Amino acid sequence: MSSGPLVEILTDARDFIGASCAALWNATDASVAPVLVHHASVDGAVPQLDAKAAGLLAWAAQQSVGEMCTDGDAVHFAATPVIAAPELRLVLSINSGRSVLPMTRDELRRWLPRFAARVHTVRSLVEAQIAGSRAERHADLLLLTAAQLQEHRTVEALGSSLCSAASHMTGARRVSLVRWHAATNHGEVAYATRGHMVSAGWPVASTSETGAACMDGNPVIMGSAVARDPRLRVYGGEEPERGLGALAIIPLRGAEGVIGALVMENDAPAPVSPTDAKNLRLLGLLGAAALETVWEIEEINRRARTDSLTGLANRQQFEERLTRIVTETNRFGGSCVLVVVDIDRFKHVNDTFGHQSGDKILQQVAIRLQQEVRTVDLLARYGGEEMAFLLPQTDLAGGCQLAERLRQSISERPFAVGGREIPITISLGVAAYPEGARDRDELFSAADRALYEAKRGGRNKVVSDSV
């Protein structure tokens with residue numbers, strides 16, 4: 001068996017965890033010391049086991065549980081089973097020599113099994129290299145994909161590799177990667193091959209064929225989908241009716257359930273052999289292992305840049321985008337606009353109806369404002385009851401028109417909270433760059449100054465500042 005992909009995974013685990021060595025051991029025979037299979041050490045040295053570490057590896061293999069060598073809360077050595085079957089027991093270990101591993105126990109319990117799963121998958125891929133040129137090509141393709149996935153750190157790159165592999169394996173003309181949210185039973189397309197009828201962001205309904213496969217976790221493999229009801233939706237939404245010759249949906253299962261799916265369509269029937277079906281499932285295992293990590297990191301980053309109450313961009317994301325938009329305006333020309341929004345007499349709302357009602361008002365105002373802007377614009381909660389819009393490639397007149405539309409959308413319809421209708425108005429300050437400001441700081445000062453004038457002028461107003 002080629003050791004390349006396995007060593008790459010061990011190296012990935014070592015570097016991600018911050019260890020000095022990651023190793024794979026054969027601990028099938030409990031009567032002898034575990035045997036080193038592969039390793040990835042920072043200094044290239046072959047790892048040596050002391051009696052305690054050997055005992056932990058043997059215990060992890062025989063009991064099918066992760067084990068750690070600790071000193072209080074510090075972890076020096078950790079092991080988790082990769083394969084636990086009577087005929088073969090493999091264990092993945094991680095250590096930093098005499099140093100302490102930088103990850104906590106809980107973090108190691110979460111991440112080590114994921115790397116172990118990837119090791120297991122690659123071994124399964126190698127075993128899939130059986131006789132027959134087509135099966136061999138598929139196995140080679142899967143091994144190549146396994147190696148590529150170690151390098152990819154974005155959903156677009158992962159989606160491209162996975163969808164390309166699925167297309168080559170099945171001959172499917174249209175392939176997509178779906179992200180599934182089990183907690184709310186909905187999903188969206190994360191990536192689709194060129195020429196597909198869906199694109200990134202396309203909603204996936206629970207009532208669709210893909211949604212049903214994600215909810216029950218079972219693959220759908222139709223070598224011939226000619227008899228399939230054409231009214232059924234593969235994704236949902238405004239998806240056009242079409243006849244399909246073949247359809248395959250492979251759920252991607254993460255540590256806590258289904259996290260997505262690979263969806264393959266073909267116009268003509270395409271017979272699927274048992275080996276093809278097995279390889280598709282192996283591709284799904286590869287995809288799930290890589291995507292779970294990337295999506296989890298994306299979610300952590302999203303939360304760090306999102307206001308928890310309104311779901312809008314937070315101040316950090318606003319500041320970053322403001323700098324970028326001003327820089328892009330300098331580079332490409334044109335102008336950009338900043339609109340600062342403040343809910344009028346919001347303290348009175350809180351004092352009269354309670355802070356819980358005030359929070360609901362903030363959430364509903366955010367939703368209504370978001371409905372009025374373009375996808376390229378950014379709406380952020382800047383602080384308290386103050387929000388801000390960033391409008392790239394927009395002049396002052398266009399910014400004032402939008403601000404007036406926003407003002408009217410809030411003032412014309414009261415907000416229903418707790419059985420009451422609460423009238424709300426907003427004041428808005430508008431400024432443009434470079435028409436009325438020399439840099440990003442001056443742009444914000446100009447918009448804030450205009451907002452102050454709107455407040456002083458009686459509220460429920462739009463005021464622009466071009467000084």
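Only a predicted model underlies this, so the values are computations on that prediction, with no experimental measurement involved. For reference, positions follow the sequence shown, starting with 1.
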Review point. Does anything in residues 206-216 pair up under side-chain hydrogen bond (donor to acceptor under 3.5 Å, both in side chains), and if so which pairs, sequence neighbours excluded?
Key: E209-R228
Check your understanding: Yes or no on side chain to side chain donor-acceptor pair (under 3.5 Å) for T394 and R374, after CA distance, side-chain angles and deciding distance?
Key -> CA-CA 11 Å; T394 305; R374 305 168 300 180; 3.0 Å; yes
Exercise for review: Just grab all the ring pair (Phe, Tyr, Trp, His ring centres under 6.0 Å) pairs involving residues 408-437, residues at least two apart or on different chains.
Suggested key: none
Review point. What residues form a salt bridge (Lys or Arg N to Asp or Glu O under 4.0 Å) with R305, not counting sequence neighbours?
Key: E320
Point to revise | Qualifying ring pair (Phe, Tyr, Trp, His ring centres under 6.0 Å) pairs, either residue in residues 337-369, two or more places apart | key: none
Exercise for review: For T425, enumerate each residue passing the side-chain contact (heavy atoms from CB on, under 4.5 Å) test, keeping only those at least two apart in sequence or located in another chain.
Suggested key: D344, S411, N460
**Study point:** Residues D307 and T310: side-chain donor-acceptor under 3.5 angstrom
**Key:** yes
Practice item. State which residues pass side-chain contact (heavy atoms from CB on, under 4.5 Å) with V417; sequence neighbours excluded, sorted by chain then number. Key: S357, K360, I361, Q364, I422
Check your understanding: In chain order, what residues pass the side-chain contact (heavy atoms from CB on, under 4.5 Å) check against T323, with sequence neighbours excluded?
Key -> T327, R440
List the atom pairs, donor and acceptor, that lie under 3.5 Å between side-chain atoms in residues 108-117 and the rest of the protein, sequence neighbours left out.
from	atom 1	to	atom 2	distance (Å)
R109	NH1	D106	OD1	3.2
R114	NH1	E296	OE1	2.8
R114	NH2	E296	OE1	2.8

Check your understanding: Hey, does S335 have a side-chain heavy atom less than 4.5 Å from the side chain of P434?
Key -> yes
Check your understanding: How would you list all residue pairs meeting ring pair (Phe, Tyr, Trp, His ring centres under 6.0 Å) that involve residues 379-398, not counting sequence neighbours?
Key -> F318-Y382, Y382-F444
Point to revise | Pairwise distance CD(Q370) to CG(L406) - rounded to 0.5 angstrom | key: 10.5 Å
Counting only pairs under 3.5 Å, give me each side-chain donor-acceptor contact of residues 397-404, with atom names and distances, residues two or more places apart or in other chains.
from	atom 1	to	atom 2	distance (Å)
E404	OE1	R407	NE	3.2
E404	OE2	R407	NE	3.2
E404	OE2	R407	NH2	2.6
E404	OE2	Q408	NE2	2.9

Review point. In chain order, what residues pass the side chain to side chain donor-acceptor pair (under 3.5 Å) check against R405, with sequence neighbours excluded?
Key: E372
Point to revise | Of all pairs that satisfy side-chain hydrogen bond (donor to acceptor under 3.5 Å, both in side chains), the ones with a partner from residues 252-268, not counting sequence neighbours | key: R173-D267, R174-E265, R174-D267, R242-E265
